[in-house]
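Contents: one structure, followed by commentary.
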Amino acid sequence: QVQLVESGGGLVQAGDSLRLSCAASGRTVSSYAMGWFRQAPGKERDFVSHIRWSSASTYYAEAVKCRFTISRDNAKNTVYLQMNSLKPEDTAVYYCAAGPILRDGVRFDYWGQGTQVTVSS
């Protein structure tokens with residue numbers, strides 16, 4: 001079992017930055033990937049970014065490339081999502097997720113409770 005706790009959401013203006021954190025506890029995540037998804041009101045949950053823990057390889061959705069950066073801190077078992085140049089369309093609940101890396105992708109088995117990010121225009 002892996003427990004995930006997000007923090008760092010809030011209300012900002014367009015163009016501002018925020019950093020989200022996700023602390024993992026429980027089993028080791030060294031063979032896992034950890035990532036971020038988001039869900040805007042009335043929409044489906046969408047992939048944002050993930051990082052493979054052992055290799056630090058990173059993946060991003062097109063909508064956030066060049067604006068968001070995912071990183072990890074091994075010592076703290078924590079993943080970060082640095083979000084720059086925020087836009088109103090980035091407004092959503094952001095969820096941290098973790099799971100094993102499979103041959104054809106990542107199976108995100110574990111989810112955090114979510115943190116609200118609101119970007120005003």
Side-chain angles (χ1 to χ4, degrees):
Q1 280 286 67
V2 176
Q3 291 79 43
L4 303 172
V5 178
E6 304 108 330
S7 60
L11 170 64
V12 297
Q13 292 188 330
D16 285 351
S17 298
L18 269 180
R19 189 178 78 158
L20 305 182
S21 301
C22 175
S25 61
R27 64 155 289 161
T28 177
V29 294
S30 58
S31 62
Y32 276 23
M34 288 184 66
W36 292 92
F37 290 73
R38 66 187 182 185
Q39 187 167 20
K43 296 190 176 181
E44 293 187 351
R45 189 173 298 188
D46 291 330
F47 167 76
V48 175
S49 178
H50 86 254
I51 185 167
R52 301 198 171 192
W53 200 266
S54 58
S55 68
S57 299
T58 57
Y59 303 83
Y60 296 93
E62 281 297 324
V64 306
K65 267 184 184 177
C66 301
R67 297 190 299 123
F68 291 9
T69 303
I70 193 169
S71 61
R72 59 155 174 48
D73 184 325
N74 284 347
K76 297 182 178 179
N77 246 19
T78 297
V79 167
Y80 304 97
L81 186 68
Q82 177 66 42
M83 305 185 294
N84 297 329
S85 302
L86 282 161
K87 305 175 181 180
E89 51 263 44
D90 294 317
T91 294
V93 177
Y94 283 70
Y95 295 92
C96 179
I101 300 168
L102 308 177
R103 185 183 304 178
D104 56 351
V106 180
R107 189 183 70 222
F108 288 101
D109 289 338
Y110 305 100
W111 294 83
Q113 79 286 357
T115 185
Q116 177 71 47
V117 172
T118 302
V119 185
S120 63
S121 56

Validation row: Thr78, Arg72 side chains within 4.5 angstrom (heavy atoms): no

Contacts of type side-chain contact (heavy atoms from CB on, under 4.5 Å), residue Gln82, not counting sequence neighbours: Ser17, Arg19, Thr69, Asn84

Side chain to side chain, Leu81 and Ser49, heavy atoms closer than 4.5 Å: yes

Pairs where residues 12-38 contributes a residue and the test ring-ring contact (aromatic ring centres under 6.0 Å, His included) is met, not counting sequence neighbours: Phe37-Phe47, Phe37-Phe108, Phe37-Trp111

Gln113: partners by side-chain hydrogen bond (donor to acceptor under 3.5 Å, both in side chains), with sequence neighbours left out: Glu6

Single-linkage hydrophobic cluster Leu4~Val106, side-chain heavy atoms < 4.5 angstrom: no

Ser57 side, atom OG; Arg52 side, atom CZ - distance, nearest 0.5 Å: 7.0 Å

Step-by-step side chain to side chain contact (heavy atoms under 4.5 Å, CB included) determination, Ser31 to Ile101: CA-CA 7 Å; Ser31 62; Ile101 300 168; over 6 Å; no

Intermediate values then yes/no, side chain to side chain contact (heavy atoms under 4.5 Å, CB included), Leu20 and Thr115: CA-CA 8 Å; Leu20 305 182; Thr115 185; 4.0 Å; yes

side-chain contact (heavy atoms from CB on, under 4.5 Å) partners for Ser71, two or more places apart: Tyr80

Residue pair Leu18 / Leu86: nearest heavy atoms and the distance that separates them: N-CD1, 3.9 Å

Pairs meeting criterion side chain to side chain donor-acceptor pair (under 3.5 Å) with involvement of residues 90-99, two or more places apart: Arg38-Asp90, Arg38-Tyr94, Arg67-Asp90

Heavy-atom closest pair, residues Met34 and Cys96: CE-SG, 3.9 Å

Sequence-distant partners of Arg107, side-chain hydrogen bond (donor to acceptor under 3.5 Å, both in side chains), two or more places apart: Asp109

Test log, rule side chain to side chain contact (heavy atoms under 4.5 Å, CB included), inputs Gln116 and Thr118: CA-CA 6 Å; Gln116 177 71 47; Thr118 302; 3.3 Å; yes

Shortest non-hydrogen separation from Ala40 to Ala92 and the atoms involved: N-CB, 3.8 Å

Candidate pair Ile70 and Phe68, rule side chain to side chain contact (heavy atoms under 4.5 Å, CB included), full reasoning: CA-CA 7 Å; Ile70 193 169; Phe68 291 9; over 6 Å; no

Distance in Å, Lys87 NZ paired with Asp16 CG, rounded so as to fall on 0.5 Å steps: 14.5 Å

Heavy-atom pair with the smallest gap, counting every atom of Ala14 and Ser121: CB-CA, 4.4 Å

